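First comes the structure, then the notes that go with it.
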2 protein chains.
Amino acid sequence: MTTVRTSTGAVSGRGRRAGRSAGDDRELAILATAERLLEQRAFAEISIDDLARGAGISRPTFYFYFPAKDAVLLTLLDRVTEEADSAAGDVLVHLAEDPRARWRELIGRFHATFGGHRAVVLACAEVRGTNAEVRRLWATVLERWVQAVEAAVEAERRRGAAPPGLPARDLAIALNSMNERVWYATFAGDGPAVAERDVVDVLLDVWLTAIYRTTTPT
Amino acid sequence: MTTVRTSTGAVSGRGRRAGRSAGDDRELAILATAERLLEQRAFAEISIDDLARGAGISRPTFYFYFPAKDAVLLTLLDRVTEEADSAAGDVLVHLAEDPRARWRELIGRFHATFGGHRAVVLACAEVRGTNAEVRRLWATVLERWVQAVEAAVEAERRRGAAPPGLPARDLAIALNSMNERVWYATFAGDGPAVAERDVVDVLLDVWLTAIYRTTTPT
DNA sequence: GAGTGGAGTCGACACCCTGTCGAGCGCGTG
DNA sequence: CACGCGCTCGACAGGGTGTCGACTCCACTC
């Protein structure tokens with residue numbers, strides 16, 4: 001077997017092929033179908049047959065591209081978290097310039113990214129309970145964000161902007177957890193939820209008070 | 001929301017019978033089997049046949065007692081939330097006596113209740129994504145707690161113990177959401193989580209700073 | 001320009017789980 | 001003692017999943 005590499009961008013190892021061309025369209029078609037269908041109904045209501053037909057192939061052929069339905073979602077999740085990561089960029093490095101503005105930027109960008117793919121985000125939340133792989137992927141992503149926030153909090157304490165308090169890691173976990181759940185409720189629209197246009201400010205306020213004991217840190 | 005109770009144990013209207021005697025054992029046996037099995041494997045891994053056999057009946061007979069597998073979980077969830085409600089009692093009414101202690105009591109009691117039924121709680125989280133009824137039940141329960149906290153925050157602001165800030169309802173939603181997600185991670189043990197023995201104090205700290213801007217309110 | 005091999009495709013099958021239907025059992029009451 | 005009701009289950013239909021083997025198409029070799 002000749003060594004081949006993906007022409008454009010190495011679409012991750014989730015899809016089963018390492019290959020180059022023709023069938024890539026199909027793989028992409030499956031992904032696109034999934035994201036489109038997810039905007040209409042829940043992940044559980046979508047059968048592999050739906051995905052296959054949507055991509056113009058038969059059900060058995062689907063298995064040529066993905067080992068299971070969940071793998072499609074996993075790939076979609078990969079993309080979203082990557083987008084969130086790059087959207088977040090390195091705002092936390094410049095915290096000292098204007099803490100409130102920077103934190104708001106961070107939360108706002110995550111909000112925008114998740115909001116732009118709410119169907120995928122909601123589907124992942126739906127499946128996380130059942131699927132260990134989604135759970136693991138989300139756990140590693142979250143761990144990265146938690147560590148970033150933890151480091152930022154410690155830096156703020158070192159420069160005297162934030163008072164000592166809870167272990168930074170625990171604080172980071174609690175705040176990230178809050179965001180996740182609050183966004184979920186806001187996007188899903190079920191149960192008590194914060195209005196979408198207020199959600200960033202509400203979250204920001206809790207973050208600032210928890211970290212600085214004030215909403216106007218310097 | 002009509003609360004239905006029966007002679008002995010207030011089993012709610014979830015099980016299909018309103019009745020009194022013999023088959024009650026079976027209904028209870030199904031419930032007990034479910035809670036036991038849930039401690040070993042995920043809800044999705046438990047088939048109706050497992051539940052039926054565990055209760056000493058056949059699969060079709062299961063349907064005589066519950067309309068579906070999810071209904072069993074719903075009943076279990078009912079019990080847990082009722083237990084949590086009564087454990088919480090009216091602590092929030094006596095907030096002014098010692099705010100920090102009362103809030104801690106509230107969070108601690110919820111923690112104890114959920115921790116005592118973590119299998120059920122985890123299973124509900126697992127199923128919430130898929131099952132609309134679980135979602136609705138959880139939403140109404142949460143709404144009740146949110147309103148209680150909202151009222152308490154407003155009372156604390158009126159008596160001058162807490163400064164003005166976020167709309168009390170939004171704050172209550174954010175804090176309750178945080179608790180839910182943090183507990184889930186702690187009990188499930190996957191992903192970044194706060195250690196079980198610290199979790200109450202961590203949550204308390206964020207609640208106090210968000211509400212009072214200090215961890216030692218008066 | 002026949003031969004080879006791998007990418008890509010699908011019909012058909014076995015399997016598992018769900019939900020339902022209809023026939024049956026035992027027992028208390030009129 | 002027969003009638004009804006609480007309770008029980010065998011058997012079936014239906015829908016989804018995953019797999020296997022055969023088939024096509026094409027690029028590339030000799």
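The structure presented is a predicted model; accordingly, all values stated were derived computationally and were not measured.
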Side-chain donor-acceptor contact under 3.5 Å, A/W207 with A/N179: yes

What is the distance from CZ of A/F66 to P of D/dT19, rounded to the nearest Å? 16 Å

Ignoring hydrogens and geometry, is there a side-chain-to-backbone donor-acceptor pair from A/E196 to A/T186 under 3.5 Å? no

Report the distance from atom OH of B/Y63 to atom P of D/dG10, rounded to the nearest whole Å. 15 Å

Using whole Å, report how far CG of A/D70 lies from C1' of D/dG16. 14 Å

Interatomic distance, A/I57 CD1 vs C/dC10 C1' [rounded to whole Å]: 11 Å

Once ring pair (Phe, Tyr, Trp, His ring centres under 6.0 Å) is applied, do any residues pair with B/Y184, and if so which ones, sequence neighbours excluded? none

To the nearest Å, give me how far apart CZ (B/R26) and P (D/dT8) are. 5 Å

So, A/W145 and A/D85: side-chain donor and acceptor under 3.5 Å apart, yes or no? yes

Rounded to the nearest Å, what distance is computed from the CZ atom of residue B/R59 to the P atom of nucleotide D/dC12? 14 Å

What residues from residues 45-56 of chain B pass a heavy-atom cutoff of under 4.0 Å to DNA chain C? B/S47, B/I48

Examine the side chains of B/D50 and B/S47 and answer whether a donor and an acceptor come within less than 3.5 Å of each other. yes

Can you see whether B/E156 engages B/W103 through a side-chain donor-acceptor pair at a distance of less than 3.5 angstrom? no

Please state whether the phosphate of D/dT8, meaning OP1 or OP2, lies under 4.0 angstrom from any side-chain nitrogen or oxygen of B/T61. no

For A/D25 and C/dA7, give me the distance from atom CG to atom C1', rounded to whole Å. 14 Å

d(CZ, B/F64; C1', D/dG10) in whole Å: 18 Å

